[in-house]
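What follows is one structure encoded as structure tokens, with my remarks underneath.
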Amino acid sequence: MRQYVLILVYAGNDEIQELVIRRVGNAGLWILPNVAISWHTKQEMERRMLSVKEELISIMERGFEGEFAYAIIELNDEQFRAMRSLVVRKLESDCQGMITWGESLLRRIRSRGGERIKREYERFERKYRELVTIHEVFDVRSELLNKVMDLARELRAEYERKL
């Protein structure tokens, strides 16, 4: 079984939390506002968190105040299985959000085109690829993911036809 790490974060404000989310990037799945699970090594995630600390130190030298603490815990198979339901629930929620967004985007593509629609479609495609990849990483299959995949194919066909 693949190794996973749990990342627990305490960020004193939203600005610090956003910085952490940017640094973790697509290396983890945020299952709760301050809790992520990553498939990267503990060392890789430690490196990313150290870059957050370095940036915070730089910001604080200019007068910004805030608090930041984190823990990175390697999960054994049993611990991950206990967390898996949270992963599945988060992925289902993400799929539902993609379906809502994709259906809205499909209606707008059908009614009009333009540069704004193009950018949104490209953003949707990027998020769609990330979602599929994360499903593969965590070995989660669901009917909602199948709906997202069907919607993405329909969007792609309509986008190519329209633009």
Pairs of donor and acceptor atoms involving the side chains of residues 93-104, under 3.5 Å and at least two apart or interchain, shall be tabulated with distances.
residue	atom	partner	partner atom	Å
Asp94	OD1	Lys90	NZ	2.9
Thr100	OG1	Gln96	O	3.1
Trp101	NE1	Glu120	OE2	2.6
Ser104	OG	Arg108	NH1	2.4

Show your working on side-chain contact (heavy atoms from CB on, under 4.5 Å) between Tyr121 and Lys162 and close with a plain yes or no. CA-CA 12 Å; Tyr121 171 76; Lys162 188 83 170 186; over 6 Å; no
With a 4.5 Å limit on heavy-atom distance, are the side chains of Phe68 and Val9 in contact? yes
So the ring-ring contact (aromatic ring centres under 6.0 Å, His included) pairs with at least one residue in residues 6-56 (sequence neighbours excluded) are Trp39-Phe138
d(Leu8 CG, Ile72 CD1) to nearest 0.5 Å is 9.5 Å
Should Leu106 and Arg110 count as side-chain neighbours, where that means a heavy-atom distance under 4.5 Å? yes
A side-chain contact here means heavy atoms from C-beta on lying under 4.5 Å apart; do Leu144 and Val148 qualify? no
Smallest heavy-atom separation, Ser142 atom then Leu145 atom, equals OG-N, 3.1 Å
Pairing residues for Arg161 by the side chain to side chain donor-acceptor pair (under 3.5 Å) criterion, not counting sequence neighbours: Glu158
When rounded to the nearest 0.5 angstrom, what distance separates CD in Gln43 from OG1 in Thr41? 4.5 Å
Less than 4.5 Å apart, side chain to side chain, heavy atoms only: is that true for Ile16 and Glu67? no
For Arg2 and Phe80, run side-chain contact (heavy atoms from CB on, under 4.5 Å): C-alpha distance rounded to whole Å, both residues' side-chain angles, the deciding distance at 0.1 Å, then the answer. CA-CA 10 Å; Arg2 186 182 283 233; Phe80 177 71; over 6 Å; no
Over 12 foreign heavy atoms within 6.0 Å of CD, Glu78: no
Looking at Gln3 and Leu75, would you say the former's side chain and the latter's main chain have a donor-acceptor pair under 3.5 Å? yes
Determine whether Val20 and Met49 make a side-chain contact, defined as any pair of heavy atoms from C-beta on separated by less than 4.5 Å. yes
Pair Leu56-Val52, side-chain contact (heavy atoms from CB on, under 4.5 Å): steps then yes or no: CA-CA 6 Å; Leu56 276 176; Val52 171; 4.1 Å; yes
Give a yes or no on whether a salt bridge exists between Asp150 and Arg153, defined as a side-chain N under 4.0 angstrom from a carboxylate O. yes
So how far is it from Arg84 CZ to Asp139 CG, rounded to the nearest 0.5 Å? 6.0 Å
So does Pro33 get a backbone contact from the side chain of Gln17, meaning a donor-acceptor N/O pair under 3.5 Å? yes
Would Leu50 and Arg47 satisfy side-chain contact (heavy atoms from CB on, under 4.5 Å), going step by step from the backbone distance to the final call? CA-CA 5 Å; Leu50 287 174; Arg47 187 183 63 73; 5.7 Å; no
Using a 3.5 Å distance criterion without hydrogens, assess whether the side chain of Gln79 forms a donor-acceptor pair with backbone atoms of Asn76. yes
Interatomic distance, CG@Leu91 vs CZ@Arg89, rounded to 0.5 Å, equals 11.5 Å
Determine the sole option in Met45, Glu44, Glu46 for which the side-chain contact (heavy atoms from CB on, under 4.5 Å) test with Val5 is passed. Met45
If you count every heavy atom of other residues, nucleotides or ligands that lies below 6.0 Å from Lys118 atom NZ, does the total exceed 12? no
CG/Leu6 to NZ/Lys42 distance, rounded to the nearest 0.5 angstrom? 11.0 Å
Distance in Å, Leu86 CG paired with Leu29 CG, rounded so as to fall on 0.5 Å steps: 10.0 Å
